[in-house]
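Taking it in order: structure first as C-alpha cells, then the write-up.
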Amino acid sequence: MILEIKDASFGYSKRTVLRNISFEVGTSEFLCLLGPNGVGKTTLFKSILGFIALKDGEINLDGQNIKKWSRSCLAKVIGYVPQAHTTPFPYTVMDVVLMGRIAHLGSFSSPSRDDVKIAEESLERLGISFLKYMTYTEISGGERQMVIIARALTQRPQILILDEPTSNLDYGNQVRVLLQIKKLSEEGIGVVMTSHFPNHAFLCSSKVALLNKNGFEIGTADDIITETNMRETYGINVRITRLADNHGVDIKSCVPLAN
C-alpha cells in the first residue's frame with residue numbers, strides 16, 4: 001500500500017473531528033471521498049499532508065509512519081492539488097509547473113536541465129504542452145487546474161491528493177479533468193479525491209469513502225452510493241439510474257429528485 005490510515009482520529013487542539021478512521025490506497029487505486037460540508041474532509045487532508053498532527057492512530061506511506069517526516073520528505077511522495085489556485089504574479093505556465101521541483105532542490109539551487117525535462121514531461125503527459133509559454137493568469141480555469149495537476153506530477157509523487165479539483169469548472173472541463181486524473185491512476189499513481197458529486201465517483205473511482213453523521217464507510221461505488229446513503233448524507237431524495245453507453249457498457253448515475 002502507498003497510503004495507509006490506521007485507527008486514526010483527526011482534529012484541532014481539544015476538538016476531535018473524526019474518530020477511528022482506517023483505509024488504504026494502493027498503486028493505481030482511485031479513492032473518491034464524499035460527504036457534506038463540515039464533516040471533516042479537509043481536516044483529514046491536512047493531517048495526511050502534515051499540516052496538523054493526528055489526535056491518535058497512524059498515517060503510513062510505503063510502510064513508514066510519517067509522524068516525524070519533514071514537509072520536504074512528504075512533498076516527494078504526495079502531490080497536492082487544491083480546489084483553486086491564483087497567483088498575483090504573471091508567471092508562465094512553465095514557471096508554475098517547475099515549482100513542483102522545489103522539494104528536490106537545495107536551499108539556494110535553481111532548477112537543472114533534468115528538472116526542466118521533468119516539468120516538460122508532466123505537461124506532455126496531460127496534453128497541455130501548448131500552454132508552456134503562456135501566462136498562467138491569462139489561461140482558462142480548466143487549463144489552470146490542469147497546470148496545477150502538472151505541477152503536482154512534477155514532484156514525481158506516488159500519490160495525488162486532490163481537494164474538489166473540479167469545483168470551479170464548467171461541465172465540460174469537469175469531465176476532461178476527471179478523465180485525466182483517472183488516466184494518471186491507471187498509469188500507477190494512487191489518487192485520493194474529494195467531491196460533492198456522486199457521479200464523479202461512478203465515473204472514475206475504484207473505491208468510495210462516505211463521511212456523514214453516521215460515521216465512515218468505505219467500499220465500491222455500487223456499495224456506497226445508494227439512495228438511502230445519499231438521503232441520509234445530503235438530506236435529499238435521489239434515484240440511482242442505469243443506462244448503457246455506445247459500447248453496451250453499463251453506466252450508473254445519481255439523479256436528485258425535485259419533489
Side-chain angles (χ1 to χ4, degrees), residues 1-10 18 20-35 40-83 97 100-104 118-119 121-122 125-126 148-166 177-195 200-201 203-211 216-221 223-224:
M1 288 294 128
I2 302 172
L3 172 67
E4 181 184 26
I5 311 293
K6 295 177 65 176
D7 299 319
S9 296
F10 307 84
L18 298 170
N20 303 320
I21 303 296
S22 296
F23 65 87
E24 299 175 342
V25 178
T27 302
S28 294
E29 286 192 325
F30 191 134
L31 172 65
C32 185
L33 182 60
L34 299 175
K41 301 187 297 297
T42 299
T43 304
L44 172 64
F45 273 12
K46 286 181 177 179
S47 296
I48 295 173
L49 294 166
F51 297 147
I52 58 175
L54 279 182
K55 306 285 283 184
D56 200 6
E58 296 180 11
I59 299 176
N60 297 319
L61 289 170
D62 273 346
Q64 298 182 45
N65 193 316
I66 68 169
K67 186 175 182 179
K68 296 183 179 180
W69 283 27
S70 67
R71 295 279 178 86
S72 178
C73 287
L74 284 169
K76 292 175 182 178
V77 180
I78 301 175
Y80 174 58
V81 178
Q83 289 185 31
V97 176
R101 298 302 298 163
I102 290 175
H104 299 268
I118 290 169
E121 289 172 351
S122 297
R125 192 172 181 180
L126 294 175
I148 296 306
I149 295 172
R151 183 183 67 177
L153 287 180
T154 301
Q155 295 172 224
R156 289 286 177 89
Q158 296 180 49
I159 189 162
L160 280 178
I161 303 290
L162 304 105
D163 189 4
E164 298 180 39
T166 65
V177 169
L178 286 172
L179 291 178
Q180 285 289 355
I181 297 169
K182 181 180 180 181
K183 182 180 177 183
L184 293 173
S185 175
E186 291 168 347
E187 292 173 354
I189 294 177
V191 172
V192 182
M193 180 187 83
T194 59
S195 177
H200 290 176
L203 180 65
C204 295
S205 63
S206 52
K207 292 180 178 179
V208 175
L210 184 65
L211 278 169
F216 178 83
E217 187 177 2
I218 189 167
T220 66
D223 292 336
I224 301 300

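These values consider heavy atoms only, across backbone and side chains, with no hydrogens, waters or symmetry-generated copies. Bear in mind that the values here come from a model prediction, so they are computed numbers and not experimental data.
By the side-chain hydrogen bond (donor to acceptor under 3.5 Å, both in side chains) test, Ser47 is found to be paired with no residue, residues two or more places apart in sequence or in another chain being considered. With sequence neighbours excluded, the residues forming a salt bridge (Lys or Arg N to Asp or Glu O under 4.0 Å) with Glu121 are Arg156, listed by chain and number. In terms of the salt bridge (Lys or Arg N to Asp or Glu O under 4.0 Å) criterion, residue partners of Lys207 (sequence neighbours excluded) are, by chain and number, Glu29. The side-chain hydrogen bond (donor to acceptor under 3.5 Å, both in side chains) test applied to Ser185 returns no partner, not counting sequence neighbours. For Ser72, the side-chain hydrogen bond (donor to acceptor under 3.5 Å, both in side chains) test picks out no residue, with sequence neighbours left out.
Considering all non-hydrogen atoms of both residues, Ser205 and Ala221 come closest at OG-CB, 4.5 Å. Residue Phe216 comes nearest to Ser22 through the heavy atom pair CE2-O, 3.6 Å, listed as atom of the first residue, atom of the second, then distance. Across all their heavy atoms, Ala150 and Leu126 have their closest contact at N-CD1, 3.4 Å. Nearest heavy-atom pair, Thr154 versus Ser122, reported as atom, atom and distance to 0.1 Å: OG1-OG, 3.0 Å. A pairwise comparison of heavy atoms in Ala201 and Val208 identifies CB-CG2, 3.7 Å as the closest pair. Heavy-atom minimum distance, Lys41 versus Leu211: CG-CD1, 4.0 Å.
For the pair Ile224/Leu34, no side-chain contact is recorded, criterion being any heavy-atom separation below 4.5 Å from C-beta on. Put simply, the side chain of Pro165 reaches to within 4.5 Å of the side chain of Ile181, judged on heavy atoms.
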Please report, to 0.1 Å, the donor-acceptor pairs under 3.5 Å made by any side chain of residues 54-62, with sequence neighbours excluded.
residue : atom : partner : partner atom : Å
Lys55   : NZ   : Ser13   : O            : 2.1
Glu58   : OE1  : Asn60   : ND2          : 3.1
Asn60   : OD1  : Asn65   : N            : 3.2
Asn60   : ND2  : Glu4    : OE1          : 3.4
Asp62   : OD2  : Gln158  : NE2          : 2.9

Would you check, one step at a time, whether the test side chain to side chain contact (heavy atoms under 4.5 Å, CB included) holds for Ile2 with Thr27? CA-CA 7 Å; Ile2 302 172; Thr27 302; 3.8 Å; yes
For side chain to side chain contact (heavy atoms under 4.5 Å, CB included), just list the numbers for Leu184 and Ile149, CA-CA rounded to whole Å, side-chain angles, deciding distance to a tenth of an Å, and then say yes or no. CA-CA 10 Å; Leu184 293 173; Ile149 295 172; 3.9 Å; yes
Between Thr194 and Thr42, is a side chain to side chain contact (heavy atoms under 4.5 Å, CB included) present by the stated rule, with each step listed? CA-CA 9 Å; Thr194 59; Thr42 299; over 6 Å; no
One pair to check against side chain to side chain contact (heavy atoms under 4.5 Å, CB included): Ile78 and Leu3. What are the steps and the verdict? CA-CA 10 Å; Ile78 301 175; Leu3 172 67; 5.9 Å; no
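For the atom pair OG of Ser9 and CG of Leu18, the computed distance is 8.0 Å after rounding to the nearest 0.5 Å. Residue Tyr80 holds its OH atom at 11.0 Å from CD1 of Ile148, rounded to the nearest 0.5 Å.
With respect to Ile118, the side chain to side chain contact (heavy atoms under 4.5 Å, CB included) criterion is satisfied by exactly one of His104, Gln155, Arg101: Arg101.
Ion pairing of Arg125 with Glu187 is present here, as a side-chain N (NZ or NE/NH1/NH2) and a carboxylate O approach within less than 4.0 Å.
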